[in-house]
Each structure stands twice: as structure tokens, then as C-alpha cells.
Amino acid sequence: MAEENFFDRVYEVVRQIPAGRVTSYGAIANYLGTKRSARVVGYAMGASGAAYPPVPAHRVVNSQGLLTGKFHFASFDLMEQMLASEGIRVEDNKIRNFKEAFWDPSIELSRD
DNA sequence: ATAATGACATACA
DNA sequence: ATGTATGCCATTA
């Protein structure tokens with residue numbers, strides 16, 4: 001078994017994302033202290049399919065609010081479908097109210 | 001151990 | 001604003 005410690009960190013944070021909110025890979029990486037490893041966060045998401053409990057990877061987008069990982073889901077529409085189902089407005093693979101729906105772990109999880 | 005890849009981010013033209 | 005280029009960190013081959 002590989003050291004999924006880092007992945008576990010990512011999963012744990014992503015799991016704390018409340019419904020109707022989204023965050024960016026960089027924000028998660030920043031919260032973990034490895035803000036440079038935003039790519040690794042995305043990589044961890046790819047392995048999230050083998051993680052349990054499953055993580056709401058659909059709530060994780062890039063800094064532009066773009067659904068870059070939708071092509072990695074079971075179905076392309078699945079990601080935006082989930083987001084739309086939680087109140088997230090998605091237009092052209094991008095989150096419209098991204099600024100409103102953005103959820104920063106380093107802030108939200110930092111409130112005592 | 002080295003090289004290549006990747007669901008990102010930032011900088012520059 | 002858009003496209004190209006480079007950097008970063010962890011995983012896989």
C-alpha cells in the first residue's frame with residue numbers, strides 16, 4: 001500500500017466542504033501547507049475513486065471556478081449536474097457564482 | 001534513482 | 001482577455 005497520507009489530507013478537507021459550496025485545488029493545497037502542490041491535490045482527486053468514504057470531488061474546481069475535472073468523472077454531465085443540484089450555477093463548464101460559492105478551508109475551518 | 005505525467009497556479013507575450 | 005511557457009509537489013513507470 002502506498003502512503004496515502006497526503007491523499008487522506010485532501011480527502012478529509014474536501015469532505016468538509018458543505019453542500020452548495022466549492023473550493024479550488026490551490027486553496028486545499030494551501031490549507032495543507034503545500035500550496036505549491038495544487039496539482040497533487042488534483043491527482044489525489046483522481047485517486048479519490050479508490051478512497052472511502054468517497055469525497056465530493058465535484059465540489060473541487062480550479063482557481064477559475066472551471067470544472068477542469070469533469071472529464072474524469074463517470075459522466076461529463078455528472079459533475080455539473082451535482083453542482084447544479086446543490087445550487088451551484090454552472091455555465092460553459094464554469095461556475096457562475098464561484099465567488100459566492102467559494103469555500104476556503106483555511107478560513108472556514110479556521111473559525112475556532 | 002531518473003524521467004515523465006498530471007482534475008493546478010502564476011507569469012509573460 | 002487569450003495563449004504559451006515555467007514552476008511545484010507527489011505518484012507511477
Side-chain angles (χ1 to χ4, degrees):
Chain A
M1 293 289 285
E3 296 293 329
E4 49 186 299
N5 190 341
F6 192 92
F7 286 7
D8 193 16
R9 296 289 183 185
V10 179
Y11 302 151
E12 198 168 336
V13 176
V14 176
R15 267 190 263 128
Q16 308 316 304
I17 303 175
R21 302 290 184 191
V22 294
T23 190
S24 62
Y25 305 96
I28 297 171
N30 183 15
Y31 177 72
L32 297 177
T34 56
K35 62 180 185 182
R36 312 297 184 184
S37 56
R39 315 185 70 165
V40 188
V41 175
Y43 195 83
M45 308 266 65
S48 63
Y52 187 85
V55 306
H58 59 271
R59 295 181 188 150
V60 186
V61 297
N62 69 352
S63 60
Q64 302 177 31
L66 191 67
L67 282 55
T68 51
K70 63 178 287 184
F71 295 101
H72 292 255
F73 279 78
S75 303
F76 306 140
D77 298 329
L78 182 61
M79 186 172 187
E80 55 185 277
Q81 199 73 85
M82 296 276 273
L83 293 172
S85 183
E86 298 192 347
I88 304 295
R89 285 173 174 264
V90 180
E91 184 75 30
D92 190 41
N93 299 344
K94 202 176 91 179
I95 297 176
R96 285 301 205 177
N97 54 342
F98 177 60
K99 190 171 72 174
E100 301 176 39
F102 185 66
W103 181 87
D104 192 336
S106 63
I107 295 177
E108 304 297 326
L109 295 180
S110 181
R111 298 187 177 180
D112 277 17

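Lettering of chains follows the sequences in order, A, B, ..., and the numbering in each one begins at 1.
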Problem set entry | Non-neighbouring partners of Lys35(A) that pass salt bridge (charged side-chain N to carboxylate O under 4.0 Å, His left out), sequence neighbours left out | none

Exercise. Given atom CZ of Phe6(A) and atom P of dT12(C), what is their separation to the nearest angstrom?
Worked result: 13 Å

For this session: Determine whether Thr34(A) and Val40(A) make a side-chain contact, defined as any pair of heavy atoms from C-beta on separated by less than 4.5 Å.
Result: no

Exercise. What dot-bracket string describes DNA chain B from 5' to 3', counting Watson-Crick and G-U wobble pairs whose defining distances are under 3.5 Å, with [ ] for crossing pairs and | for pairs to another strand?
Worked result: .|||||.||||||

Between the protein and nucleotides 11-13 of chain B, list every N/O to N/O distance that falls short of 3.5 Å.
none

Problem set entry | Backbone of Leu66(A) reached by a side-chain donor or acceptor of Asn62(A) within 3.5 Å | yes

Exercise. Atom OH of Tyr11(A) and atom P of dA7(B): how far apart are they, to the nearest Å?
Worked result: 14 Å

For this session: Answer yes or no: are there more than 12 heavy-atom neighbours, outside Arg15(A) itself, under 6.0 Å from its atom CZ?
Result: yes

Exercise. Taking all non-hydrogen atoms of both residues, which atom of Ala27(A) and which atom of Pro105(A) are closest, and how far apart?
Worked result: O-CG, 3.8 Å

Exercise. Does a side-chain heavy-atom distance below 4.5 Å link Val14(A) with Ile17(A)?
Worked result: yes

Problem set entry | Length of the line joining Phe7(A):CZ and dC9(C):C1', which is rounded to integer Å | 11 Å

Exercise. Do any of residues 32-43 of chain A sit with a heavy atom less than 4.0 Å from DNA chain B, and if so which?
Worked result: Ala38(A), Arg39(A), Val40(A), Gly42(A)

For this session: Please name the pair of heavy atoms, one in Gly20(A) and one in Ala101(A), separated by the smallest distance, quoted to 0.1 Å.
Result: O-CB, 3.7 Å

For this session: Scan for ring-ring contact (aromatic ring centres under 6.0 Å, His included) pairs involving residues 43-72 of chain A, sequence neighbours excluded, and state none if there are none.
Result: Phe71(A)-Phe76(A)

For this session: With heavy atoms under 4.0 Å as the rule, sort Gly26(A) into base, sugar-phosphate or nothing.
Result: sugar-phosphate

Exercise. Going by heavy atoms closer than 4.0 Å, what residues in residues 70-104 of chain A are next to DNA chain B?
Worked result: His72(A), Phe73(A)

Problem set entry | Spacing of Tyr25(A) atom OH and Ser37(A) atom OG [to the nearest 0.5 Å] | 13.5 Å

Exercise. Got a second to check how far Phe7(A)'s CZ is from Met45(A)'s CE, nearest 0.5 Å?
Worked result: 9.5 Å

Problem set entry | Pairs touching residues 17-32 of chain A that satisfy salt bridge (charged side-chain N to carboxylate O under 4.0 Å, His left out), sequence neighbours left out | none

For this session: List in chain and number order the residues that pass salt bridge (charged side-chain N to carboxylate O under 4.0 Å, His left out) with Arg9(A), two or more places apart in sequence or in another chain; answer none if no residue qualifies.
Result: none

Enumerate the protein-to-nucleotides 1-6 of chain C contacts in which both atoms are nitrogen or oxygen and the separation is below 3.5 Å.
none

Seminar exercise, completed: Sorted by number, residues from residues 51-67 of chain A placing a heavy atom under 4.0 Å from DNA chain B are Ala57(A), Asn62(A), Ser63(A)

For this session: State whether the number of non-hydrogen atoms from other residues, nucleotides or ligands found under 6.0 Å of Gln16(A) atom CD is greater than 12.
Result: yes

Exercise. Going by side-chain heavy atoms closer than 4.5 Å, which hydrophobic residues are tied to Leu78(A), directly or by a chain of links?
Worked result: Val22(A), Val61(A), Leu67(A), Phe73(A), Met79(A), Met82(A), Leu83(A), Ile88(A), Val90(A), Ile95(A), Phe98(A), Phe102(A)

Seminar exercise, completed: salt bridge (charged side-chain N to carboxylate O under 4.0 Å, His left out) pairs touching residues 68-83 of chain A, sequence neighbours excluded, are Lys70(A)-Glu80(A)

